[in-house]
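One-based numbering along the sequence shown. In this text the structure is predicted, and so the values were computed from the model without any measurement.
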Amino acid sequence: MEIERWERSEEISDAEKKVIQEIWSRVYANCEDVGVSILIRFFVNFPSAKQYFSQFKHMEDPLEMERSLQLRKHARRVMGAINTVVENLNDSEKVSSVLALVGKAHALKHKVEPIYFKKLTGVMLEVIAEEYPNDFTPEAHGAWSKMKTLIYTHVTAAYKEVGWAQ
C-alpha cells in the first residue's frame, strides 16, 4: 500500500498544534452532535461505508441515522479517539500508539478498507469548517489538513504492519 507523496505526514508546528487544540476544544464541547454530523455526512456521501455497520447499514434517511443509538455511540468513540490524538499532539509516541490501535482494530477485526479513513477525515474537515467558520481560517485549514494526513498516515501504517491485503 504505497502512500501518495502528498500523504506523507508533515511536521505539525507548535503554532499549528495550538490552533488545532483551540478549535478542537470548541468542537469537542459538542462532541456527540458534531460526531453524529460527521458520520451522517460520511454515510450519505459514501454509502458503501455503511457495509461495516450491521446496526445501521440499511438506513438511508439521515434523520433515522441521527436517532440511531448505535451511530451515536460510534460517533462518541470516533470523537474520543480524535480527542486523545489532539490532546497528545506533543507526544508523538502516544499519537502513534492510539492510531495504531485504531488501525489494527479496523484492519483485523472490522476488515474496513483503509481508504475510508481518508474519506472520513476529509468529511471531518468539511463539517468542522462549516460548523466553526469563524475559527477555520486559512491557517487553521492548513493545520487541520496536516492533522488529517497524520491520522491517515498512522492508521495506514498499522494496516501495513498487520499485513493488510485487499
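- When every heavy atom of N88 is checked against every heavy atom of V95, the shortest pair comes out as O-CG2, 3.2 Å.
- In this structure a side-chain-to-backbone donor-acceptor pair under 3.5 Å is missing from T153 to L150.
- Counting heavy atoms from C-beta outward, V34 and Y132 have side chains that approach closer than 4.5 Å.
- When every heavy atom of P114 is checked against every heavy atom of W164, the shortest pair comes out as CD-NE1, 3.6 Å.
- The one candidate from E66, M65, R76, E64 that meets the side chain to side chain contact (heavy atoms under 4.5 Å, CB included) condition with L71 is M65.
- Remark: the backbone N or O of K94 is paired with a side-chain donor or acceptor of D91 at under 3.5 angstrom.
- Summarising the geometry of S37 relative to V127, their closest heavy-atom pair is CB-CG1, 4.1 Å, with the distance given to 0.1 Å.
- Residues that satisfy the salt bridge (Lys or Arg N to Asp or Glu O under 4.0 Å) test with R77, not counting sequence neighbours, are absent from this structure.
- Between E22 and K18, at least one side-chain nitrogen of the basic residue sits less than 4.0 Å from a carboxylate oxygen of the acidic one, meeting the salt-bridge criterion.
- The closest donor-acceptor contact from the side chain of N83 to the backbone of M79 lies at 3.5 Å or more, if one exists at all.
- The shortest distance between side-chain heavy atoms of H74 and L39 falls below 4.5 Å.
- Of all the heavy atoms in V44 and P62, the pair that sits closest is CG2-CG, 4.0 Å.
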TODO: Kindly determine whether L120 and F46 satisfy side-chain contact (heavy atoms from CB on, under 4.5 Å), including the steps that lead there.
DONE: CA-CA 9 Å; L120 178 63; F46 306 101; over 6 Å; no
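- Between D135 and I23, the shortest heavy-atom distance links the atoms O-CD1, 3.5 Å.
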Task: Derivation of the salt bridge (Lys or Arg N to Asp or Glu O under 4.0 Å) call for E130 and R41 - done: CA-CA 12 Å; E130 288 170 16; R41 169 127 9 132; 2.6 Å; yes
- [ ] Decide side-chain contact (heavy atoms from CB on, under 4.5 Å) for V112 and F53; before the verdict, give the C-alpha distance in whole Å, the side-chain angles of both, and the deciding distance to 0.1 Å.
- [x] CA-CA 10 Å; V112 175; F53 297 90; over 6 Å; no
Task: Audit row: S68, M59, side-chain contact (heavy atoms from CB on, under 4.5 Å) steps and yes/no - done: CA-CA 9 Å; S68 166; M59 291 181 189; 3.8 Å; yes
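- Residues Y52 and H110 have side chains not in contact (no heavy-atom distance under 4.5 Å, counting atoms from C-beta outward).
- Y28 OH to Q21 CD: the interatomic distance, rounded to the nearest 0.5 Å, is 14.0 Å.
- Atom CG of N30 is separated from atom CD of E131 by 8.0 Å, given to the nearest 0.5 angstrom.
- Listed by chain and number, the residues in a side-chain hydrogen bond (donor to acceptor under 3.5 Å, both in side chains) with K119 amount to none (sequence neighbours excluded).
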TODO: Decide side-chain contact (heavy atoms from CB on, under 4.5 Å) for T121 and F42; before the verdict, give the C-alpha distance in whole Å, the side-chain angles of both, and the deciding distance to 0.1 Å.
DONE: CA-CA 9 Å; T121 54; F42 176 60; over 6 Å; no
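- No donor-acceptor pair closer than 3.5 Å links the side chain of K17 to the backbone N or O of N90.
- Rounding to the nearest 0.5 angstrom, the gap separating the CG atom in L125 from the CD1 atom in I38 is 9.0 Å.
- Note that the CD atom of E126 and the CZ atom of F136 stand 10.0 Å from one another [nearest 0.5 Å].
- Across V155 and G103, no two heavy atoms sit closer than the pair CG1-CA, 3.8 Å.
- In this structure the side chain of W144 reaches within 4.5 angstrom of the side chain of I128, judged on heavy atoms.
- Proximity of M147 to I151: side-chain heavy atoms (C-beta onward) are separated by under 4.5 Å at one or more points.
- With hydrogens and angles disregarded, no donor-acceptor distance shorter than 3.5 Å links the side chain of Q51 to the backbone of K57.
- Using a 4.5 Å cut-off between side-chain heavy atoms of Ile, Leu, Val, Met, Phe, Trp and Tyr, with links allowed through other members, V102 and I115 fall into the same hydrophobic cluster.
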Open item on the list: What verdict does the side chain to side chain donor-acceptor pair (under 3.5 Å) test give for S13 and E16, after you've listed the backbone C-alpha separation in whole Å, the side-chain angles of each residue and the deciding distance to 0.1 Å?
Closed with: CA-CA 5 Å; S13 71; E16 289 169 326; 3.2 Å; yes
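- Side-chain contact between F43 and I40 is absent, with no heavy-atom pair separated by less than 4.5 Å.
- Taken to the nearest 0.5 Å, the OG atom of S92 stands 11.0 Å off from the CD1 atom of I12.
- Salt-bridge formation is detected for the pair K50/E60: a Lys NZ or Arg NE/NH1/NH2 atom is positioned less than 4.0 Å from an Asp or Glu carboxylate oxygen.
- Here Y116 and H106 keep their ring centres 6.0 angstrom or further from each other.
- Between H154 atom NE2 and T156 atom OG1 the span is 9.5 Å, to the nearest 0.5 Å.
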